[in-house]
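What you see below is based on every heavy atom in this structure, not just the backbone, and it leaves out hydrogens, waters and symmetry mates.
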Amino acid sequence: MQRGQGLTVNNIIPALPASVPRTTSSSSFPLRSGSRGELVKQLQQGLLRLGGEAAGHIRSTSIRPDGTPDGVFGGGTEKALRAAGYSTSVSESTFSKIVRSNPAAQSSAGSSKTVADELIKAANSQNLFAALNALKQMQNTSDYLEVRSHFDTARVGGVRVTSPVNALLSVAFKNNEPAKVKIRAEFIRIGLKQSPTGTWTLSGLGTLETMQDLQRYLKNSRVLDVAITHKPTMLRNGKGDYMLPAIPPKTVVGYLANNHKGIAQIITENGVTVYAPSQNLKLI
């Protein structure tokens with residue numbers, strides 16, 4: 001860790017994941033007999049955790065030799081749903097109730113509240129680093145549902161928000177397309193999908209952007225590449241004043257926000273915007 005006046009730099013930078021979990025089109029809501037994929041598996045796990053007759057039907061019909069649900073919506077899953085008092089056609093809202101109402105989900109409520117608070121704070125301060133770090137704590141759509149459940153009274157900049165997607169993409173970083181590219185990549189990694197109308201859901205109706213598209217965009221644009229010094233560099237703040245001391249070589253300064261006429265605009269880890277000579281930086 002290197003420190004300059006008013007600046008924190010960090011050599012650990014969030015990176016795009018190498019791969020994205022995918023579900024088949026048959027996993028789109030409503031889930032019903034014949035559906036397959038990760039969403040069905042999460043539904044079966046939720047029914048197992050409910051216990052009782054519902055769990056018994058899943059255990060007797062839908063468990064692989066390794067002890068995990070098979071992700072196939074068959075007769076056993078239908079019987080489990082009926083036993084739990086649900087319809088055999090599972091909407092997104094019903095899915096959410098089943099996944100979130102089990103004891104295992106309840107035990108993670110504290111951590112999901114913490115992530116929600118971190119996201120809301122990052123959105124209000126428009127701190128991209130903090131937002132990405134909070135998003136990385138969510139591993140799948142179940143985690144997303146847990147975090148979203150704590151957005152009932154959330155506000156960003158005085159605006160009422162209802163979800164992490166709403167808070168980050170529609171409000172906090174609405175006019176910052178490079179930041180939105182990074183954020184969308186995280187939502188895709190978690191398992192969310194975007195419909196042709198632009199709406200983000202747990203299933204979507206065919207994605208407008210794949211992880212490969214986003215990685216290609218980042219590679220070609222260089223915007224939000226990581227800026228690293230390769231020689232001693234004096235940074236300037238937004239007023240044009242130099243910030244002491246000089247940053248030594250091989251120091252990660254932050255994400256590149258803009259690069260114009262030999263001057264790089266950089267967002268540091270703590271959300272501060274600084275400026276440096278482009279020739280002093282290496283972008284990766």
Considering non-hydrogen atoms only, spot the tightest contact between [X] and [Y] and give its length.
X      : Y      : answer
Ser142 : Val99  : OG-CG1, 3.4 Å
Ala179 : Phe173 : CB-CD2, 3.8 Å
Ile98  : Leu47  : CG2-N, 4.1 Å
Ala83  : Ala54  : CB-N, 3.9 Å
Asn124 : Gly157 : OD1-N, 2.7 Å
Ser112 : Glu146 : CB-CB, 3.6 Å

Decide yes or no for [X] and [Y]: does some side-chain heavy atom of the first lie under 4.5 Å from some side-chain heavy atom of the second?
X      : Y      : answer
Met234 : Leu244 : yes
Leu128 : Ile183 : yes
Asp143 : Ile190 : no
Glu78  : Phe73  : yes
Thr94  : Ser87  : no
Leu235 : Thr233 : yes

Main-chain N/O of [Y] paired to [X] side chain as donor or acceptor, under 3.5 Å:
X     : Y     : result
Ser89 : Arg32 : no
Gln44 : Gly71 : yes
Ser60 : Gly56 : yes

Original post:
Cluster question for you: counting only ILVMFWY and a side-chain heavy-atom cut-off of under 4.5 Å, with indirect links fine, are Tyr275 and Leu281 together?
Top reply: no

**OP:** Answer with yes or no whether the hydrophobic clustering places Phe151 together with Val159; edges join I, L, V, M, F, W, Y residues whose side-chain heavy atoms lie under 4.5 Å apart.
**Re:** yes

Nearest 0.5 angstrom please: [X] [atom1] to [Y] [atom2], how far?
X      : Y      : atom1 : atom2 : result
Thr153 : Ile120 : OG1   : CD1   : 7.0 Å
Asn280 : Lys282 : CG    : NZ    : 14.5 Å
Leu135 : Arg184 : CG    : CZ    : 13.0 Å
Asn176 : Lys182 : CG    : NZ    : 12.5 Å
Ser163 : His150 : OG    : NE2   : 14.0 Å
Glu186 : Leu192 : CD    : CG    : 11.0 Å

**OP:** Assess whether side-chain contact (heavy atoms from CB on, under 4.5 Å) is satisfied between Asn140 and Glu38, documenting all intermediate values.
**Re:** CA-CA 10 Å; Asn140 50 47; Glu38 182 62 26; 5.5 Å; no

Original post:
Just wondering, more than 12 heavy atoms not from Lys41 lying within 6.0 Å of its NZ?
Top reply: yes

Going by the rule side-chain contact (heavy atoms from CB on, under 4.5 Å), which residues pair with [X] if we only count those two or more places apart in sequence or in a different chain?
X      : answer
Lys261 : none
Leu48  : Ala55, Ile58, Arg59, Ile63, Pro69
Val72  : Arg36, Asp70
Ser170 : Asn166

Subject >> Which residues share a side-chain hydrogen bond (donor to acceptor under 3.5 Å, both in side chains) with Arg236, sequence neighbours left out >> reply: Tyr242

**OP:** If a pair satisfies salt bridge (Lys or Arg N to Asp or Glu O under 4.0 Å) and one of its residues is in residues 117-127, list it, with sequence neighbours excluded.
**Re:** Lys113-Asp117

